[in-house]
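Remember, predicted model here, so these are calculated numbers, not experimental data.
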Amino acid sequence: MTSLIKKNASGHAGDGDANLLVNEVVGVPRGIGEAARLARAAAYDSFLRGLLAGRDGVALLAVGGLGRRQCAPYSDLDLVLLHAGVPGTDELAASIWYPIWDAGLRLDHSVRTVAEALSVAQDDVKVALGLLDARLVVGDQALADGLIRTAADHWRRTAVRHLPGLREVTAARWQAHGELAFLLEGDLKEAAGGLRDVGLLRAISAAGITDALRPAVRAAHLRLLDTRDALHQQVGRRVDRLVAQERDGVAALLALEDGDALLRRVAGDARTVSHALDDAFRAAERLRSGRSRGGNGRPVRRPVARDVVEHDGELVLARTAIGARPDPSLSLRVAAAAAATRLPIARATCEWLAAYCPPLPAPWPAEARAALTTLLGAGPGLVPAWETCDRYGLVDGWLPEWTRLRSLPQHNPVHRYTLDRHLVQAAHEASRHAREVERPDLLLLGALLHDIGKGLTGDHSTVGVPLAQAVATRIGLPPSEVALIGTLVRLHLLLPDVATRRDLADPVTIASVAEAVGDTGTLDLLHALVRADAAATGPAAWSDWKGRLVAELVARVRTALDTGVLPEPPAPDPELLAGPLPVVHLTGDRVSVAAADRRGLLATVAGCLALHRLEVISADASVVDGRALVECRVQPRYGLPPDPVSLRADLRRAVGGDVSVTQRLRGRALAARGGGAAPRVVWHREAATDAVLLELRAADAAGLLYRVTCALDDAGALVRAARISTLGADVVDAFYLVGGWPDDDTRARLEAAVLAAV
């Protein structure tokens with residue numbers, strides 16, 4: 001692939017002629033012949049030599065990726081013109097920079113003396129790191145060697161002092177760009193675990209603090225470099241974010257199967273880099289501050305669990321554990337101790353466990369099950385302990401299924417993590433609800449296994465049941481608990497799906513959930529699992545209104561399970577049943593309207609709410625004492641809530657038949673039509689007491705509910721209730737249509753009208 005610096009077959013830069021600034025493509029348009037390209041590069045090399053010939057005290061240095069010979073095809077050129085105070089330096093610099101700019105290349109440049117370069121490096125750690133990669137291009141060798149040698153020596157002497165500040169800057173960068181291992185469109189350079197972090201590892205190694213560039217890290221680095229090169233070539237310009245539309249093309253250039261294979265490889269490499277950097281920062285911190293030491297000056301060893309001690313801020317094995325044949329639960333017990341104490345496991349300990357800890361028998365011994373429960377229930381300490389064990393292959397020994405789950409992408413913008421990390425995060429979130437359930441151990445295990453069926457053909461809630469039950473059996477749970485784990489996996493989406501898509505006042509809804517759940521113990525486990533799953537998915541997966549709907553459903557189902565009697569539907573807002581019509585009542589996230597005529601009332605209210613940029617979450621329509629009532633739960637589509645005075649006035653005018661308001665509603669809604677995949681209608685005949693359920697699945701758009709309810713009204717359908725569920729860019733809207741609707745032709749005409757409105 002085209003590159004500013006040639007690499008050999010292993011990916012390392014070739015030594016070649018160190019004086020060639022550009023080996024291939026300086027100023028050469030893409031597609032030009034090889035001979036012309038080499039001739040242009042040779043001419044530029046000759047030009048540089050001519051500029052600097054006979055000039056002592058001047059040297060042109062490459063730094064950054066150019067200095068390391070690791071430039072991607074469209075990377076910037078980082079150059080420093082170093083001089084010893086000789087006259088005419090500015091004119092000389094212009095003679096070098098302008099041809100590069102004229103060639104259309106991006107250039108980061110500076111002109112400095114040795115003293116100036118060292119002074120800037122002392123104040124700016126980024127410059128100090130860049131000088132560690134400095135390489136002479138052409139000019140005064142002694143001058144360049146002096147700066148390179150002095151900069152490296154200065155870094156070795158001051159690195160420990162600089163690293164805490166550098167770590168803070170790095171943490172801010174991670175916060176801004178996220179973790180490369182878990183992103184669908186991560187920045188290969190700036191995200192945590194990316195190429196920028198490899199530069200930090202190289203700097204820490206150069207300071208002699210620790211061996212940060214171990215073989216696994218170097219291999220991961222080369223693969224990340226190859227990925228960035230392929231991305232540049234695929235896009236045809238400088239870009240470091242691996243966006244979705246380029247993944248398959250980049251994968252093809254790298255001879256990978258598809259974009260998912262690329263994502264999994266990038267995730268694994270990013271994890272390797274991140275883990276190594278965590279180790280390196282800890283080593284620097286130990287060197288900088290020291291740990292508590294005994295009278296002999298050695299670090300104190302403090303027991304923290306059986307066979308596990310703390311040594312110099314890390315967990316290591318006790319001497320007795322190393323001397324004897326370890327029991328199979330040792331790796332789990334070390335992981336549990338690390339999670340409980342929030343201390344890292346020493347690298348040598350992880351390597352020893354991976355090499356010598358025997359496999360767990362089936363079923364597991366009680367001690368191993370207890371350690372797994374402690375690990376999963378440790379809260380914030382779980383994720384780092386699990387990630388460490390996973391990097392050394394220990395998790396595969398506990399759960400062979402983990403190999404398939406590791407770094408599996410989830411192609412849904414709601415999800416912020418890969419599948420394996422999502423499962424571990426769900427267990428962490430489930431620990432927050434451990435005191436709310438009778439069996440917290442089963443809650444933790446259910447959270448870890450709830451999505452185990454993803455990545456396989458079929459509904460993952462169904463496909464995952466036998467897989468989760470197989471794990472539970474191997475762990476050593478009795479058959480009744482194995483069956484309960486299967487129930488948690490099969491029903492882990494039941495509560496949010498029903499709460500957001502069904503009428504909670506309908507007895508059929510409550511009865512069906514109560515029958516599926518069976519008892520209040522399982523209901524509590526599912527309620528806790530739902531909240532843990534949502535928190536582990538991302539902020540878009542949960543909201544206050546969804547939490548209230550799920551809690552309301554759980555309360556109603558609990559009443560049915562405890563008493564055997566279905567709860568009464570909630571009474572309408574009493575303010576709607578008194579006073580002259582129309583009545584408009586706004587309270588928090590609720591909008592209630594009463595009018596004399598039911599026909600078209602829901603559509604009118606929905607349109608008026610859309611006009612004020614409010615999304616309808618749920619809607620109920622009914623007739624009480626001759627009054628048509630519509631009660632909605634709403635939330636702002638974006639920004640702040642609308643002015644309640646203006647909203648109330650528009651609602652009153654609209655339900656009163658004001659034509660000007662209706663025209664504004666139609667104009668705004670029609671202009672907001674969305675695109676996306678073809679919409680779909682699904683009918684549910686047995687899902688309600690006195691209605692048929694029409695479920696619309698379509699792309700989300702402002703005014704969608706208004707358009708659909710208008711179509712239903714025009715077709716003669718009476719909507720008793722509506723439930724609106726937004727899933728990323730799509731919606732699943734459920735409409736309860738009064739009556740049986742038994743005729744196929746009538747249903748087909750209604751379905752066509754709804755799809756036309758979308």
K.L.:
Indicate yes or no: does Arg421 engage Glu179 in a salt bridge with an N to O separation below 4.0 Å.
P.N.:
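Salt bridge flag = yes for Glu179 with Arg421.
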K.L.:
Can any side-chain N or O of Thr113 pair as donor or acceptor with the backbone N or O of Glu116 at less than 3.5 Å?
P.N.:
yes
K.L.:
Is any side-chain N of the basic residue among Asp396 and Arg406 closer than 4.0 Å to the acidic one's carboxylate O?
P.N.:
yes
K.L.:
If we only count heavy atoms from C-beta on, is the His83 to Val111 side-chain gap below 4.5 Å?
P.N.:
yes
K.L.:
Could Asp76 and Arg106 be called an ion pair, given the rule that one side-chain N must be under 4.0 Å from one carboxylate O?
P.N.:
yes
K.L.:
Does the pair Thr150 and Val114 meet the rule for a side-chain contact (heavy atoms from CB on, under 4.5 Å), with working shown?
P.N.:
CA-CA 9 Å; Thr150 305; Val114 172; 5.7 Å; no
K.L.:
Which atom pair, heavy atoms only, marks the closest approach of Val217 to Ala276?
P.N.:
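Closest pair (atom of Val217, atom of Ala276, distance): CG2-CB, 3.5 Å.
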K.L.:
Under 3.5 Å, sequence neighbours excluded: what are the donor-acceptor pairs made by side chains of residues 117-131?
P.N.:
unit_1, atom_1, unit_2, atom_2, d
Asp124, OD1, Lys126, N, 2.9

K.L.:
Cation-pi check for Tyr74 against Arg237: NZ or CZ below 6.0 Å from the six-membered ring centre and within 45 degrees of the axis, yes or no?
P.N.:
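Arg237 over Tyr74 ring: no.
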K.L.:
Roughly how far, to the nearest 0.5 Å, is the OG1 atom of Thr418 from the CG atom of Leu405?
P.N.:
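One gets 10.0 Å once the value is rounded to the nearest 0.5 Å.
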K.L.:
For a 4.5 angstrom cut-off between non-hydrogen side-chain atoms, does Asp226 reach Leu253?
P.N.:
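Asp226 does not reach Leu253 side chain to side chain.
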K.L.:
Rounded to the nearest 0.5 Å, what's the gap from CG on Asp78 to CG on Leu66? Could you check?
P.N.:
7.0 Å
K.L.:
Determine yes or no for a side-chain-to-main-chain donor-acceptor pair under 3.5 angstrom, with Glu185 supplying the side chain and Ala244 the backbone.
P.N.:
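Here the side-chain-to-backbone pair exists.
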K.L.:
As an exercise, state the distance from CD1 of Ile96 to CG of Leu79, rounded to the nearest 0.5 Å.
P.N.:
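Rounded to the nearest 0.5 Å, the CD1-CG separation comes out at 8.0 Å.
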K.L.:
Looking at Asp312 and Arg301, is any side-chain nitrogen of the basic one under 4.0 Å from a carboxylate oxygen of the acidic one?
P.N.:
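No, no charged N to carboxylate O under 4.0 Å.
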K.L.:
Can you tell me if CD on Gln245 sees more than 12 non-hydrogen neighbours from other groups inside 6.0 Å?
P.N.:
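Enclosed.
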K.L.:
Can a side-chain donor-acceptor contact be found between Ser407 and Arg271 if the only test is distance below 3.5 angstrom?
P.N.:
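Yes, a side-chain donor-acceptor pair sits under 3.5 Å.
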K.L.:
Test Asp269 against every option in Arg223, His221, Arg264 by the side-chain hydrogen bond (donor to acceptor under 3.5 Å, both in side chains) rule and name the one that passes.
P.N.:
Arg223
K.L.:
Would Glu351 and Arg214 pass as an ion pair if we require N to O under 4.0 Å?
P.N.:
yes
K.L.:
Side chain of His311, backbone of Val316: donor and acceptor closer than 3.5 Å?
P.N.:
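No.
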K.L.:
Working to the nearest 0.5 angstrom, can you tell me the gap between Asp278 CG and Thr388 OG1?
P.N.:
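Rounded to the nearest 0.5 Å, the CG-OG1 separation comes to 7.5 Å.
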K.L.:
Under the 3.5 angstrom rule, does the side chain of Ser205 hit a backbone N or O of Ala212 as a donor-acceptor pair?
P.N.:
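Confirmed, Ser205 side chain pairs with Ala212 backbone.
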K.L.:
Are the side chain of Thr272 and the backbone of Gly268 linked by a donor-acceptor contact shorter than 3.5 Å?
P.N.:
yes
K.L.:
Which atoms form the tightest heavy-atom contact between Leu375 and Ala339, and what is the distance?
P.N.:
CD1-CB, 3.7 Å
K.L.:
Report the C-alpha distance between Leu242 and Leu262 in whole Å, list the side-chain angles of each, state the deciding distance to 0.1 Å, and finish with yes or no for side-chain contact (heavy atoms from CB on, under 4.5 Å).
P.N.:
CA-CA 10 Å; Leu242 186 58; Leu262 173 63; 3.8 Å; yes
K.L.:
Could you label the plane-to-plane angle of the His162 and Trp155 rings as parallel, tilted or perpendicular, counting under 30° as parallel and over 60° as perpendicular?
P.N.:
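His162 and Trp155: parallel rings.
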K.L.:
Is there a side chain to side chain donor-acceptor pair (under 3.5 Å) between Asp260 and His411? Walk through the geometry before answering.
P.N.:
CA-CA 9 Å; Asp260 278 3; His411 294 287; 2.5 Å; yes
K.L.:
Show the nearest heavy-atom pair for residues Arg416 and Pro539, with the distance to one decimal.
P.N.:
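Smallest heavy-atom distance, with atoms named: NH1-CD, 4.5 Å.
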K.L.:
Do the ring centers of His109 and Trp101 come within less than 6.0 Å of each other?
P.N.:
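Under 6.0 Å, so yes.
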K.L.:
Are the side chain of Arg302 and the backbone N or O of Glu310 linked by a donor-acceptor pair below 3.5 Å?
P.N.:
no
K.L.:
Is any side-chain N of the basic residue among Arg286 and Glu314 closer than 4.0 Å to the acidic one's carboxylate O?
P.N.:
yes
K.L.:
Under the criterion side-chain contact (heavy atoms from CB on, under 4.5 Å), I'd like the reasoning laid out for Val169 against Arg167: C-alpha separation, chi angles, the key distance, then a yes or no.
P.N.:
CA-CA 5 Å; Val169 173; Arg167 188 170 190 173; over 6 Å; no
K.L.:
Let me confirm one number: the CH2-CG distance from Trp97 to Leu92, rounded to the nearest 0.5 Å.
P.N.:
8.5 Å
K.L.:
Does Ala535 have any side chain to side chain contact (heavy atoms under 4.5 Å, CB included) partners at least two apart in sequence or in another chain, and if so, which?
P.N.:
Glu429
K.L.:
Does a salt bridge link Arg196 with Asp187, judged by any charged N lying under 4.0 Å from a carboxylate O?
P.N.:
no
K.L.:
Compare every heavy atom of Val160 with every heavy atom of Ala284, then report the nearest pair and how far apart it is.
P.N.:
O-CG1, 4.3 Å
K.L.:
Evaluate Gln233 against Asp229 for side chain to side chain donor-acceptor pair (under 3.5 Å), listing each step before the verdict.
P.N.:
CA-CA 6 Å; Gln233 181 152 320; Asp229 286 352; over 6 Å; no
K.L.:
One pair to check against side chain to side chain donor-acceptor pair (under 3.5 Å): Arg238 and Ser75. What are the steps and the verdict?
P.N.:
CA-CA 6 Å; Arg238 176 187 172 179; Ser75 289; over 6 Å; no
K.L.:
Under the 3.5 angstrom rule, does the side chain of Glu285 hit a backbone N or O of Arg282 as a donor-acceptor pair?
P.N.:
no
K.L.:
Output the distance between atom CG (Asn412) and atom OG1 (Thr537), rounded to the nearest 0.5 Å.
P.N.:
8.5 Å
K.L.:
Do Val273 and Leu201 come close enough that some side-chain heavy atom pair is under 4.5 Å?
P.N.:
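Side-chain contact under 4.5 Å: yes.
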K.L.:
Just by modelled atom types, is the Lys189 backbone N or O under 3.5 Å from a matching donor or acceptor in the Asp240 side chain?
P.N.:
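No, because the side chain of Asp240 does not come within donor-acceptor range (under 3.5 Å) of the backbone of Lys189.
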K.L.:
Which atom names give the shortest non-hydrogen contact between Ser274 and Ala192, and what distance separates them?
P.N.:
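Smallest heavy-atom distance, with atoms named: OG-C, 3.7 Å.
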K.L.:
Go through Thr341 and Leu315 one step at a time and tell me if the side-chain contact (heavy atoms from CB on, under 4.5 Å) criterion holds.
P.N.:
CA-CA 9 Å; Thr341 61; Leu315 295 189; 3.8 Å; yes
K.L.:
Search all heavy atoms of Ala59 against all heavy atoms of Leu136 and return the closest pair with its distance.
P.N.:
CB-CD1, 3.8 Å
K.L.:
Salt bridge or not for Asp197 and Arg173, using N-O below 4.0 Å?
P.N.:
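A salt bridge is present here (some side-chain N lies under 4.0 Å from a carboxylate O).
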K.L.:
Looking only at side-chain N and O atoms, does His415 offer a donor or acceptor that is under 3.5 Å from a partner on Gln410?
P.N.:
yes
K.L.:
Could you check whether any side-chain heavy atom of Asp390 comes within less than 4.5 Å of a side-chain heavy atom of Leu394, counting everything from C-beta outward?
P.N.:
no
